[in-house]
> 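Sending over a structure as structure tokens; questions will come in a sec.
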Amino acid sequence: MRPPPTTWLYALAGTLACALGPAGGQAAGLQRKECMFLQKIEMDHKQCLQEAELENETAGCSKMWDNLTCWPATPRGQVVVLGCPLIFTLFSSSQGLNVSRSCTEEGWTHLEPGPYPVACGFDDKALSLNEQQQTLFYSSVKTGYTIGYSLSLAALLIAMAILSLFRKLHCTRNYIHMHLFMSFILRATAVFIKDLALFDSNSGESDHCSAGSVGCKAAVVLFQYCVMANFFWLLVEGLYLHTLLAISFFSERKYFWGYILIGWGVPSTFTMVWTIIRIHFEDDGCWDTINSSLWWIIKAPILTSILVNFILFICIIRILVQKLRPPDVGKSDSSPYSRLAKSTLLLIPLFGVHYIMFAFFPDNFKTEVKIVFELVVGSFQGFVVAVLYCFLNGEVQAELRRKWHGHLQGILGSNPKYQHPSGVSNCATSSTQVSMLTRLSPDARRSSSFQAEVSLV
């Protein structure tokens, strides 16, 4: 008899793990116990068959394997009593239960006091209902994050095309946005690849107990890297915005290569270290278990990036609040600083501040809520970032309008009614704007650059 499947819990544990979810450790622990029991059953099966071949023929009942237990050779008229298979401890709280068979002239009798589920305290009906509820919940979660990542992927591809095609939008600020968009694209793609690799195309279930293929392990490694890179590019966004406020003058080109190293280089280093150690010390399954100490090679950098980004977010808010205190600034609702304070709320998805809510809670804290928040809600983050920092961005909209009016002029001819000033995008003049502010105070220069960064309307 095959134990009840808990596939959705196992499969989503790997995905949730990289989103720092709570159920990962519990699911992986349950998965490992089941695999250990199944491996023991397989070993007992082989040993039973080997001993049966070596045994001499007896007048009683020969050694028999019934798919879970090996029954020893027994003379006629005797009863053999054995303990229930250990695998039932996963599904039953009853302990010390036994099963028995009698050896008769016709051979082995049926299992007593009944089939394994009955004899070993396995409540099939209750577990079946619980399994249906779990399957419905986890399948709904999978559907939710599939929709979220699909929508994010489409929006991010369009945003990438816009920022790439219009040369006047090319600047350090938008280059960093483009790298962040690419990290979201890779993360969504890696999720889809991982689901295909972990789930059997026919049954929709994954086998976590057998040795994983190279392709399956490669999909998990790619997934780990893309998720970590996404978190580190969120960190880069925080570092860049904080630099605009904290440093009067800095070389954007020099800093940009440092951002590249942080965003793509640091995750690749940790991922390679984790991969090499997994190959040598824990090369089992498809590498989607997270209940070992090796998982901290992936988890620790992500937690660190979340914490640092949250600190940067608080620092930026503190700076903005300080700028709102002067009377000549605080009295006017149209003040640029008031606008900056309102725009700060839009930094939450850009910084990934929402991850701090559950990142440092215990694994058993509000499991279902955390799964929905981390997986389903988190899958829409790429879409929100693309909308706020591309589609609703003032300079992007101005450039699109300029191109559209230029297209109309080409179709309708040079008519003053359709003429539109060529203008120059804010992005192209951001460095010029800063240089023009050199006569102002450092605070004014930093706030102006920051305003160009976060202004969306």
> If we only count heavy atoms from C-beta on, is the Asp66 to Arg101 side-chain gap below 4.5 Å?
yes
> Looking at residues at least two apart in the chain, or sitting in another chain, which of them share a side-chain contact (heavy atoms from CB on, under 4.5 Å) with Glu51?
Gln47, Lys63
> Sorted by first residue and then second, give each side chain to side chain donor-acceptor pair (under 3.5 Å) pair with at least one member in residues 227-236; sequence neighbours left out.
Ser183-Asn230, Arg187-Asn230
> Taking side chain to side chain donor-acceptor pair (under 3.5 Å) as the test, write out the residues that go with Ser152, two or more places apart.
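Counting only residues at least two positions away or on another chain, Ser152 forms no side chain to side chain donor-acceptor pair (under 3.5 Å).
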> Using only atom types and a distance under 3.5 Å, with no angle test, would you say the side chain of Tyr225 pairs donor to acceptor with the backbone of Trp264?
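Yes, because the side chain of Tyr225 sits within donor-acceptor range (under 3.5 Å) of the backbone of Trp264.
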> Sequence neighbours excluded, which residues qualify as side-chain contact (heavy atoms from CB on, under 4.5 Å) partners of Leu153?
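Here the qualifying residues are Leu157, Ile185, Ala188, Thr189, Phe192.
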> Please enumerate all residues that pass side-chain contact (heavy atoms from CB on, under 4.5 Å) together with Val387, with sequence neighbours excluded.
Phe383, Phe391, Leu392
> Got a sec, which residues hit side chain to side chain donor-acceptor pair (under 3.5 Å) with Trp287, two or more places apart in sequence or on another chain?
Asp283
> Could you pull out all residues at least two apart from Leu222 that satisfy side-chain contact (heavy atoms from CB on, under 4.5 Å)?
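For Leu222 the side-chain contact (heavy atoms from CB on, under 4.5 Å) partners, ignoring immediate neighbours, are Ala190, Ile193, Cys226.
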> Where the side chain of His170 meets the backbone of Ser164, is there a donor-acceptor pair that is under 3.5 Å apart?
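Side chain of His170 to backbone of Ser164, a donor-acceptor pair under 3.5 Å: yes, one is there.
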> Would you say the side-chain atoms of Trp71 pair up with the backbone N or O of Ser62, donor to acceptor, closer than 3.5 Å?
no
> Does Thr271 have any side chain to side chain donor-acceptor pair (under 3.5 Å) partners at least two apart in sequence or in another chain, and if so, which?
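Counting only residues at least two positions away or on another chain, Thr271 forms no side chain to side chain donor-acceptor pair (under 3.5 Å).
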> What residues, two or more places apart in sequence or in another chain, satisfy ring-ring contact (aromatic ring centres under 6.0 Å, His included) together with Trp65?
His45
> Among all residues two or more places apart in sequence or in another chain, which pass the side chain to side chain donor-acceptor pair (under 3.5 Å) test with Trp274?
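Here no residue qualifies.
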> Would you say the side-chain atoms of Asn309 and Glu237 include a donor-acceptor pair closer than 3.5 Å?
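Result is no, nothing qualifies.
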